[in-house]
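For reference, positions follow the sequence shown, starting with 1.
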Amino acid sequence: MSISLSHLTKRYGSNVVVDDVSVEIPEGSLTAVLGPSGSGKSTLLKLISGLETLDQGRVVIEGDDVTNVDPRHRDIGFCFQHYAPFRHMTVSRNIAFGLRVRKQPRDVIAAKVAELLALVKLENKANAYPAQLSGGERQRMALARALAIEPRVLLLDEPFGALDALVRTELRQWVKELHQQIKVTTVLVTHDQGEAMEVADQLLIMHQGRIEQDGHPTDIYERPATEFVQGFLGPTTIFKGSAVRPHALELEGPGAGAIEGAVTSIVELGFEVQVTVLLSDGSMPWVQLSRNEYAALGVGVGSRISIRERD
Ligand code: ADP
Ligand code: MG
């Protein structure tokens, strides 16, 4: 395991912000820490990096116990949402900063910066100043700066949070590809379910300072361990008294031997169609269908219909 956390605990006054967290983060993975605002995600990242002190627990990186090691000597690259570049330095000099601090030879630095500029596709901005970059370019520069020291671990705290939706979607695809190229163990904090599901190969769901569930995104989505995880990760609807995924239900014409009801509303959202059905017990589950499934069904508001769980 690349990062091994055991019994991490952090309190601010009487507020337990990270509560006895133990988890293993696999080598080379892109792990997303997903949870609502205030659940302790940023604090967890700060505990890994050493920017915050622990009340209890141990942090082990690639077998080295770094619990009492200064953040500068943990071999960690960071990138945060409100990354503050050095305004008076060019993009190249910003990226080179960590290497200059480490007193690397000039030619080594130049070669490394050129490589990183190509990696983050900023070759043509090498001599620009941060103020001349777009938001997305600035975050790419921040990533290059974090990667310059060849960290053992890369920690990203909502790195795209301040960008608009379109740029954000582009960047998350790009980060995924970048990670496939360089394979550095990466922990990405986000409160955005879509972002986490799309990018990560490993997911930690955080809630009130605890890890509620960890595992592969699809497994967690299909088999949520708690009600919180189920509700947080995606839409649910109540069918026969329990919460299920709306795509786990299907509709057929009346008399199919399943539970019957009447269609009360139909919402077409491009590829997806949401059909709400009123059942005789008064419950109103909704079902997520593809447009083709919906078209094949041939129903409208008021139609009688049968509903059941898909096999
Ligand atoms: P997240 O990143 O998931 O939104 P944070 O880790 O930033 O959550 O914060 C978790 C909780 O800890 C919040 O209730 C927050 O107010 C509190 N907190 C964070 N940092 C401090 C601090 N330096 N002093 C006191 N309380 C803090
Ligand atoms: Mg945060």
Side-chain angles (χ1 to χ4, degrees), residues 1-8 18 21-35 39-51 57-67 71 74-81 116 119-120 139-140 142-144 146-161 168-169 171-207 210-225 229 232-234:
M1 285 296 162
S2 184
I3 308 178
S4 177
L5 308 176
S6 44
H7 304 291
L8 295 198
V18 171
V21 165
S22 294
V23 73
E24 303 283 333
I25 296 176
E27 172 107 47
S29 69
L30 203 179
T31 297
V33 179
L34 174 67
S39 57
K41 306 181 297 295
S42 294
T43 306
L44 182 68
L45 228 55
K46 288 179 193 156
L47 295 177
I48 299 173
S49 68
L51 294 175
R58 309 212 72 76
V59 178
V60 175
I61 296 178
E62 291 184 353
D64 297 334
D65 188 331
V66 298
T67 312
R74 290 192 185 192
D75 266 349
I76 289 177
F78 313 103
C79 179
F80 299 120
Q81 176 174 338
L116 286 162
L119 190 67
V120 302
Q139 287 308 95
R140 270 150 50 203
L143 265 172
L147 289 169
I149 59 161
E150 297 185 15
R152 293 192 286 188
V153 169
L154 184 63
L155 303 179
L156 309 175
D157 191 354
E158 313 233 9
F160 317 131
R168 205 158 66 213
T169 345
L171 273 184
R172 66 197 200 197
Q173 259 314 312
W174 175 81
V175 157
K176 190 171 177 167
E177 285 162 24
L178 179 76
H179 177 260
Q180 279 159 3
Q181 273 181 55
I182 60 175
K183 283 286 175 200
V184 58
T185 308
T186 302
V187 183
L188 169 83
V189 159
T190 178
H191 64 270
D192 181 327
Q193 295 89 321
E195 185 162 292
M197 295 294 291
E198 182 180 338
V199 170
D201 48 42
Q202 180 82 4
L203 209 55
L204 305 179
I205 310 284
M206 231 179 145
H207 180 45
R210 292 177 161 269
I211 306 283
E212 292 245 343
Q213 193 171 359
D214 69 287
H216 188 273
T218 318
D219 292 341
I220 296 183
Y221 185 85
E222 300 292 345
R223 285 176 290 281
V229 174
F232 188 68
L233 259 198

Return the minimal non-hydrogen interatomic distance between [X] and [Y], and the atom names on each side.
X: S49; Y: F78; answer: CB-CE2, 2.9 Å
X: E27; Y: S2; answer: CA-CB, 3.4 Å
X: V184; Y: P151; answer: CG2-O, 3.5 Å
X: F80; Y: L51; answer: CZ-CD1, 4.2 Å
X: I220; Y: G215; answer: CD1-N, 3.5 Å

Hey, does the side chain of [X] reach the backbone of [Y] with a donor-acceptor pair shorter than 3.5 angstrom?
X: R152; Y: D75; value: no
X: R172; Y: F160; value: no
X: Q193; Y: F232; value: yes

Q) So which pairs with a foot in residues 173-196 pass ring pair (Phe, Tyr, Trp, His ring centres under 6.0 Å), sequence neighbours left out? A) none
(Q) Applying side chain to side chain contact (heavy atoms under 4.5 Å, CB included), can you list everything that pairs with S39, at least two apart in sequence or on another chain? (A) P36, K41, M206
With side chain to side chain contact (heavy atoms under 4.5 Å, CB included) as the test, pick out the partner of [X] among [options].
X: V59; options: D65, D64, V66; result: V66
X: R140; options: L119, V120, L178, L116; result: V120
X: L203; options: V199, I205, D201; result: I205

Side chain proximity check, [X] to [Y], heavy atoms < 4.5 angstrom:
X: V175; Y: L143; result: yes
X: I76; Y: I61; result: yes
X: R74; Y: I48; result: no

Q: List for me each residue that meets side chain to side chain donor-acceptor pair (under 3.5 Å) alongside H207, sequence neighbours excluded, and say none if there are none.
A: none
[atom1]/[X] to [atom2]/[Y] distance, rounded to the nearest 0.5 angstrom?
X: L44; Y: L5; atom1: CG; atom2: CG; answer: 6.0 Å
X: D214; Y: L34; atom1: CG; atom2: CG; answer: 13.0 Å
X: C79; Y: D157; atom1: SG; atom2: CG; answer: 9.5 Å
X: S29; Y: K183; atom1: OG; atom2: NZ; answer: 9.0 Å
X: I182; Y: E150; atom1: CD1; atom2: CD; answer: 10.0 Å
X: K176; Y: L171; atom1: NZ; atom2: CG; answer: 15.0 Å

Q | Donor-acceptor pair between T190 and E195 side chains, under 3.5 angstrom | A | yes
